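To start, the structure itself, in structure tokens.
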Amino acid sequence: MRGIYIVGGYPDKESFLKIADIVLNKMDFIEIGIPFSDPVADGPIISSAINNILGKINVKEIIDITKLLGKEKNIFYMTYSNIIYSYGIKKFSDEVKNYIKGIIIADLPNRLHDFFYQRGLEIPIIPFITPESRESDIKEIIKYRPPFIYFIGIRGITGSKADLDNSEIIDKIKVIKKLTDIPVIIGFGIKGKKDAKKAISIADGFVIGTEAVKVQNNLQLFIDFVNSLQ
Amino acid sequence: MDIKKMFYGEYGGQFVPETLIPALDELDHAFENAIKNENFIEKFNSLLRNYAGRPTPIYFAERFSRKYGLKLYLKREDLLHTGAHKINNTIGQGLLTSFMGKKRIIAETGAGQHGVATATVAALLGLECIIYMGKLDAKRQEPNVKRMKILGAEVVEVENGSMTLKDAMNEALRDWVKNVKNTHYIIGSTAGPYPFPKIVAYFQSVIGKEARDFFDKNCILPDYVIACVGGGSNAMGIFQGFLDTNVRLIGVEAGGKSNKIGEHAMTLNLGKKGILHGSLSYLLCDDDGQVAPVHSISAGLDYPGVGPQHAYFKDSGKIKYDFVRDNDALQGFFELSRLEGIIPALESSHAIGYVIKNQELFKDKVVLLNLSGRGDKDMKIIEKKI
């Protein structure tokens, strides 16, 4: 499972739709970021794209353009707790549940998933595993049968560099694989083809964010980047 | 982990990246052990006494009281080492850092008081210290930037967003996610993810305890207790001494220039429920969930969120939350300076301004006001007003 993260609506709606189509055609899934004013899990590149688009597009409009991409596509959202909470958890869920397969909430730890489910969220929340996660944590999250597990390959925010030769990471993924067949996707720290290949050899896939967002405002460069991953 | 204990009613929680969860569990565990550990408590109390200068006096403000027709008592947190109540918490959390075996501390600061108090404790305990401060705040609270540097801390000026307290906190959280293994993040207010609201409230409860002792010894209770509220640590500190009484508790928020969004920081008065920096509480944000710009003349109150305990006490009606404008705070600042010879911090000046503005309500009443800090740091803002 090879995925790309892009910032929703950036640099403008029309360009975004083109870029999203390219990702859906050439990759296995897309992660659409719904901008939040205080993205504490994001580094300077993604934060700056988010800042650029804030105020120009709202959550409802991002939902609307997601729908233009069609049903049954491998679309995931990535955002922050307050976006969904402020929109109305149930309302948000009702509007998008037929269009996206899951949601990554950067500031929602696994232990608080129920907080959203109990308030009407019917979209699977993608759980996180970090090098610090304990075996009991892994057992807890696989009970929900999420579409995949998001493995955070680094201690840090988006835009940092992962060290995929680190035995700590490799061993942790082995522990997960022993406990479940749910795909493990490495997110955070994947820079280009070399990392991507490595990620596929030790896990079931990857998501590239920062490197894609860097060229998101230039269609040709974006196409070149996606092709470079093939 | 029992999820329920993270919440005050419906407020609180741990809305942070998964990477921080083990550190928050470790912190909670260390804190619960520390406060049962005699050595820890003795060290904490001894530093509060001999290093910070506790207990702080309760002073009857005679000339102010005569002019405004009430009996005003000031809890003198401004007399503490480093000039504000913030040192109570940083001594506690600094000791916890050593207790956990960590060597590096980070903190956010708005007015710089928490930053200075953190840098001070870092020097005292031999810890590496990095302080995140919005660029705008660094400019308007310049003396405190110098103090932090003198104390050996690295001050990182944050140029994102509104360049104030909220953005400093974002940056501190990013640092913590990266360096969580060797770093403790000393949050300065009763905000942030569980267990911070609990821990900060505990270390600040000494304010209320001392105040209550004073009134108990005199066999009376005040009619009102008043404190300013930004994130809410000084207010929570003093209010905790009176939660079991019928004393009326009033938290004063920063009304800024007007009720227009972007011109105030009245989270509890005008905000709605939302999630920022780890907890669900009241929040100033738009319908889309984007955090709103805020303004206050005082950098320490210039924050769009508020601690979850305050949200809980607002809903329950136990504490009343009101506001005054920048100008009322300025009037409070000058009145206390000229009637009592005490220059208050602009944050605390909001509480004083509130007393002046509502002098009819407080006529002949006994009012206890938490003078949370002194105003030396505010000269740059004030010099234009003299």
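Here the structure is a predicted model, which is why all the values come from computation and not from measurement.
Heavy-atom distances place the side chain of K181(B), and not its backbone, under 4.5 Å from chain A. Contact annotation for M169(B): neither backbone nor side-chain heavy atoms come within less than 4.5 Å of a heavy atom of chain A. Heavy-atom distances place both the backbone and the side chain of P17(B) under 4.5 Å from chain A. For L20(B), no part lies under 4.5 angstrom from a heavy atom of chain A. If you measure heavy-atom distances from P131(A) to chain B, you find no contacts under 4.5 Å at all. For I152(A), the part sitting under 4.5 Å from any heavy atom of chain B is the side chain, from C-beta outward, and nothing else. With a threshold of 4.5 angstrom between heavy atoms, D287(B) approaches chain A through N, CA, C or O but not through any side-chain atom. With a 4.5 angstrom heavy-atom cutoff, S86(A) touches chain B via backbone and side-chain atoms both. In this structure, no portion of D137(A) lies under 4.5 Å from any heavy atom of chain B. In this structure, the portion of Y85(A) lying under 4.5 Å from any heavy atom of chain B is its side chain and not its backbone. Residue contact with chain B, scored on non-hydrogen atoms closer than 4.5 Å, involves the side chain of L54(A) exclusively.
A salt bridge links E211(A) with K191(A); the closest basic N to acidic carboxylate O contact falls under 4.0 Å. The existence of a salt bridge linking E135(A) and K172(A) is excluded, since no basic side-chain nitrogen approaches an acidic carboxylate oxygen closer than 4.0 Å.
Using modelled atom types and a 3.5 Å distance limit, the side chains of S162(B) and T164(B) yield a donor-acceptor pair. Side-chain atoms of Y117(A) and E122(A) form no donor-acceptor pair, as typed in the model, at a separation below 3.5 Å. Under the 3.5 Å distance criterion, with hydrogens and angles disregarded, no donor-acceptor pair is assigned to the side chains of S48(A) and N51(A). Residues D42(A) and S47(A) bring no donor and acceptor atom of their side chains to less than 3.5 Å of each other.
Considering only heavy-atom pairs separated by less than 4.5 Å from chain B, the leading option among D38(A), N58(A), N110(A) is D38(A). For chain A, the option among C285(B), G278(B), G274(B) with the highest count of heavy-atom pairs below 4.5 Å is G274(B). The most heavy-atom pairs under 4.5 Å with chain A, out of L173(B), V291(B), D175(B), come from V291(B). Of the residues considered (P44(A), P127(A), A106(A)), A106(A) shows the highest number of contacts with chain B, using heavy-atom pairs under 4.5 Å. For the set D286(B), D25(B), T19(B), the count of heavy-atom pairs under 4.5 angstrom toward chain A peaks at D25(B).
Contact detail for Y282(B) and T267(B): the closest heavy-atom pair is O-CG2, 3.3 Å.
F115(A) carries R119(A) over the face of its six-membered ring, with the cationic atom under 6.0 Å from the centre and within 45° of the normal. A cation-pi arrangement, defined by a distance under 6.0 Å to the six-membered ring centre and an angle within 45 degrees of its axis, is absent between K198(B) and F31(B).
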Q: Dump the intermediate steps for salt bridge (Lys or Arg N to Asp or Glu O under 4.0 Å) on R2(A) and D204(A), then the final yes or no.
A: CA-CA 8 Å; R2(A) 302 157 314 131; D204(A) 301 299; over 6 Å; no
